[in-house]
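Remarks on the structure that follows.
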Amino acid sequence: MRGTRTGLRTLSNMCGIIGYVGEQPALEVVLSGLRRLEYRGYDSAGVAVVGGGVLRTARRAGRLANLEKVLDESGEQMPGTTGMGHTRWATHGGPTDVNAHPHTDCTGAVAVIHNGIIENFAELRSELEAAGHELSSETDTEVVAHLLEIEIARAAAAGPAASSVSSGSVSSGFGQPVASEHPVTEALRVVCRRLRGAFTLVVLHRDHPGVVVGARRNSPLVVGLGVGEAFLASDVSAFIAHTREALEIGQDQVVEARPEGVTVYDFDGTPVEGRRYHVDWDASAAEKGGFPYFMLKEISEQPEALADTLRGRLSSEGAIVLDEERLSDQDFRDIDKVFIVACGTAYHAGLIAKYAIEHWTRLPCEVEMASEFRYRDPVLDRSTLVIAISQSGETLDTLMAVKHAREQKARVLAICNTNGSTIPRESDAVLYTRCGPEVGVAATKTFLGQVAACLLVGLFLAQTRGVLYGDEVAAYVDRLQRMPELVRRTLGTVEPVRELARSLADAKAVLFLGRHVGYPVALEGALKLKELAYMHAEGFPAGELKHGPIALIEPGLPVVVVVPSPRGRANLHGKVVSNIQEVRARGARTIVIAEDGDTDVEPYADHLIRVPATSSLFAPLVTTLPLQVFACELALARGLDVDQPRNLAKSVTVE
Ligand code: AGP
């Protein structure tokens, strides 16, 4: 059944992927596709082409231009009409040549590119190395190439009648009847059943020109259907210059692409019909997933960005693991004070982290704007942990704070969205958010990633210091992993917020009030409105109102109040309801964000915005969302460019 898709729900992206099979020179098609995909990830790039019985690969750290320069200078020919390419946004392993995709097996016959996170790659890698395979990169992806090598060899040895379903070990018995005639398709289908996590995989084999095979789970994969050619890509922008006929690949499906067409199977081997549709986006809209602005796309990606950040954080022993740890557990147990340093939105995430860290670890925790930190000569020593939060990993204020902390012998833990950037490299331990590149200057999905990462660090510290038992930590992580669905549900209810924002396009100012973790959310809501709509906005602790700011209240002034859960600290909730009454009694137009079922606020809310009930410390993951949408929509109503606000840069690399 064909349809026209204009606003596909985009899945979070971390890397750009394109596979091609047809009659054109594959290298040219792949490189042009990667140029369209580079916004998705750009810390390394690579290509692979099959031709003349040879599988040729080239890969380089840095932007795609680095790779193209190497290809031009080497003069190396990569003839063939079957190929694939990858631009990387690193999650496992820094942005180096060795970690760049594609990755190959021991024989060099199989090449794999990957977008996503394979949660069980460590155990798979151990099995492979125990079986004599040598893996050269730090990536999770490389294990797939070697598993395919084994599967293809086994199927060949076992004969054409059966495939094997690995039952938890690298070598195993036979499984269900062969689904596809093609050994690589069958091998990929079987291998995918062993992988946990999120992946889009595309595979080439030296001995099989004219075939590109792909598979997906929790990560995007779309097929371009040309005349005498086919494309596999992470999004349509890679191939709409060639064809606008597309096929959606569903969860847990494998696709075998040939010039004459494609066949699709589920991971059980049952042939399935993919959903065909016509792409009516232009190239620019395609990069934005059909949204008019990257910021709108990135707001919509938050469920996946959060899920990816939380994915695979518990070891097989049930302990939270960081991405990089150059400190011992004893180093963490010796910590007697925590500082958090960050700027802007990241600073607001740090304020939320403070509540969690103090509540779970009983360690004193101070949060400092990085630009102020080192000038007040803080008391730091080897028992101090400084947590640096930075999406870009390049913010100079934060980097200088980290350098100062290290000079004072403090331990440094970085929370960052950019693998291999400067701040993580300067740190003793790292937890990466996995939100994918954030193109909009105003932070949205990376804020949610930072909040989730801060909560994970708080649980990590509590578990390492023995303040929380393993089962308590696991219970918190389990509740956290249900948050992406609540984020998705909240984003599905924000249309009234957009209407409200448009009605306030001419407002002169907006105040934001909150208490406890709602106070940093109020600050973040105010910052969003300032940086996007160029409107004066200010966030206050609601309890501070009576100490001065209430003088600002005048008839008609919009006041946003982020209300804590009545199930949390009840006395806090009652105080905030009183604060709403106080401002409303003075004529304010109250915009109240409150959890489902909180009826106390109803008499005082001129506009009531509902969010799902959650644990107190997790509430910012949903209460922030209406404020992002409010600021974005109000800015759009003012005719402003929400992706590139005036005077702002995505990464502030000056002090
Ligand atoms: C927030 O929307 C801004 N983009 C800005 O405040 C940003 O959070 C701040 O500059 C810190 O950037 P970083 O996370 O890359 O360090």
Worked verdict on R276 versus E248 for salt bridge (charged side-chain N to carboxylate O under 4.0 Å, His left out): CA-CA 6 Å; R276 286 191 64 144; E248 202 172 85; over 6 Å; no
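- Atom SG of residue C416 and atom CD1 of residue I423 lie 6.5 Å apart, to the nearest 0.5 angstrom.
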From CA spacing to verdict: side-chain contact (heavy atoms from CB on, under 4.5 Å), R88, N99: CA-CA 9 Å; R88 186 168 181 246; N99 288 335; 3.6 Å; yes
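- The backbone N or O of H114 sits less than 3.5 Å from a side-chain atom of H101, completing a donor-acceptor pair.
- For the atom pair CD1 (I113) and NE2 (H86), the distance works out to 6.0 Å, reported to the nearest 0.5 Å.
- Closest approach of V402 and A388 over heavy atoms only: CG2-CB, 3.5 Å.
- Between F199 and F267, the two ring planes are parallel [angle under 30°; tilted spans 30° to 60°].
- Taking 4.0 Å as the cut-off between side-chain N and carboxylate O, D308 and R311 count as a salt-bridged pair.
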Intermediate values then yes/no, side-chain contact (heavy atoms from CB on, under 4.5 Å), T96 and S44: CA-CA 7 Å; T96 61; S44 55; over 6 Å; no
Intermediate values then yes/no, side chain to side chain donor-acceptor pair (under 3.5 Å), S137 and E142: CA-CA 7 Å; S137 78; E142 194 177 0; 2.6 Å; yes
Test log, rule side-chain contact (heavy atoms from CB on, under 4.5 Å), inputs L247 and V264: CA-CA 10 Å; L247 183 74; V264 186; 4.1 Å; yes
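- Not one N or O on the side chain of S237 forms a donor-acceptor pair closer than 3.5 Å with the backbone of L37.
- Annotation for A61 and N66: closest pair O-ND2, 3.0 Å, computed over non-hydrogen atoms.
- Panel note: side chain R244, backbone W281; a donor-acceptor pair is recorded below 3.5 Å.
- Rounding to the nearest 0.5 angstrom, the gap separating the CD atom in E304 from the OG atom in S219 is 10.0 Å.
- For the pair S74 (side chain) and V70 (backbone), a donor-acceptor distance under 3.5 Å is present.
- Using a 4.5 Å heavy-atom cutoff, the side chains of I18 and M84 are not in contact.
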Step-by-step side-chain contact (heavy atoms from CB on, under 4.5 Å) determination, L456 to L431: CA-CA 9 Å; L456 288 170; L431 185 70; 3.9 Å; yes
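- In this structure, the side chains of L71 and M78 come closer than 4.5 Å at one or more pairs of heavy atoms.
- A distance of 13.0 Å separates CD in Q253 from CZ in R189, rounded to the nearest 0.5 Å.
- Judged by distance alone, with hydrogens and angles left aside, the side-chain atoms of T395 form no donor-acceptor pair with the main-chain N or O of T398 at under 3.5 Å.
- A salt bridge does not link D235 with R36: none of the charged nitrogens is closer than 4.0 Å to a carboxylate oxygen.
- In summary, R196 and E123 engage in a salt bridge, as defined by a charged side-chain N under 4.0 Å from a carboxylate O.
- Side-chain contact between T107 and E149 is present, with heavy atoms from C-beta onward closer than 4.5 Å.
- Across all non-hydrogen atoms, the minimal contact from A246 to V222 is CB-CG2, 4.2 Å.
- Evaluated for a side chain to side chain donor-acceptor pair (under 3.5 Å) with T433, the options N417, T418, T446 yield exactly one hit, N417.
- Contact check for L413 versus L322: side-chain heavy atoms found under the 4.5 Å cut-off.
- Between the side chain of E298 and the main chain of V439, a donor-acceptor pair closer than 3.5 Å is present.
- Atom CG of L225 sits about 9.5 Å away from atom CZ of F231, to the nearest 0.5 Å.
- Taking each heavy atom of L296 and P292 in turn, the nearest pair found is CD1-CG, 3.6 Å.
- A salt bridge between D428 and R326 is absent, with no side-chain N of the basic residue lying under 4.0 Å from a carboxylate O of the acidic one.
- In this structure, V255 and T263 have side chains that are not in contact, with every pair of non-hydrogen atoms separated by 4.5 Å or more.
- In this structure the side chain of H146 reaches within 4.5 angstrom of the side chain of L135, judged on heavy atoms.
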Pair H182-H208, side chain to side chain donor-acceptor pair (under 3.5 Å): steps then yes or no: CA-CA 9 Å; H182 198 283; H208 298 280; 3.3 Å; yes
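- One finds the CD1 atom of I249 at 12.5 Å from the CZ atom of R275 (value rounded to the nearest 0.5 Å).
- You'll find the side chain of V642 stays beyond 4.5 Å of the side chain of V441, heavy atoms only.
- Heavy-atom contacts from other residues, nucleotides or ligands closer than 6.0 Å to CD of E273 number 12 or fewer.
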Worked check of salt bridge (charged side-chain N to carboxylate O under 4.0 Å, His left out) between R193 and D268: CA-CA 9 Å; R193 291 160 61 94; D268 294 334; 2.8 Å; yes
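- The backbone N or O of P220 lies less than 3.5 Å from a partner atom in the side chain of T200, making a donor-acceptor pair.
- Side-chain N or O atoms of D43 include none that pairs as donor or acceptor with a backbone N or O of G62 at under 3.5 Å.
- We find that R194 and E127 are joined by a salt bridge, their nearest charged nitrogen and carboxylate oxygen being less than 4.0 Å apart.
- Using a distance-only test at 3.5 Å, with no hydrogens or angles considered, a donor-acceptor pair links the side chain of D105 to the main chain of A109.
- Residues L204 and G83 share a closest heavy-atom pair of CD1-CA, 3.8 Å.
- F291 does not carry K297 over the face of its six-membered ring by the limits of under 6.0 Å from the centre and within 45° of the normal.
- Considering every non-hydrogen atom in both V144 and V191, the closest pair reads CG1-CG1, 4.5 Å.
- Checked for salt-bridge contact, E438 and K445 miss the test: no charged N lies under 4.0 Å from a carboxylate O.
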Audit row: Q24, E229, side chain to side chain donor-acceptor pair (under 3.5 Å) steps and yes/no: CA-CA 8 Å; Q24 301 184 63; E229 58 186 12; 2.9 Å; yes
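- The main-chain N or O of P102 is found under 3.5 Å from a side-chain atom of R59 such that the two form a donor-acceptor pair.
- In this structure, a donor-acceptor pair under 3.5 Å is present between the side chains of E394 and T422.
- Within the 4.5 Å cutoff, the side chain of R313 has no heavy atoms near those of the V321 side chain.
- Each of T185, V184, V254 was compared with V203 under the side chain to side chain contact (heavy atoms under 4.5 Å, CB included) criterion, and only V184 meets it.
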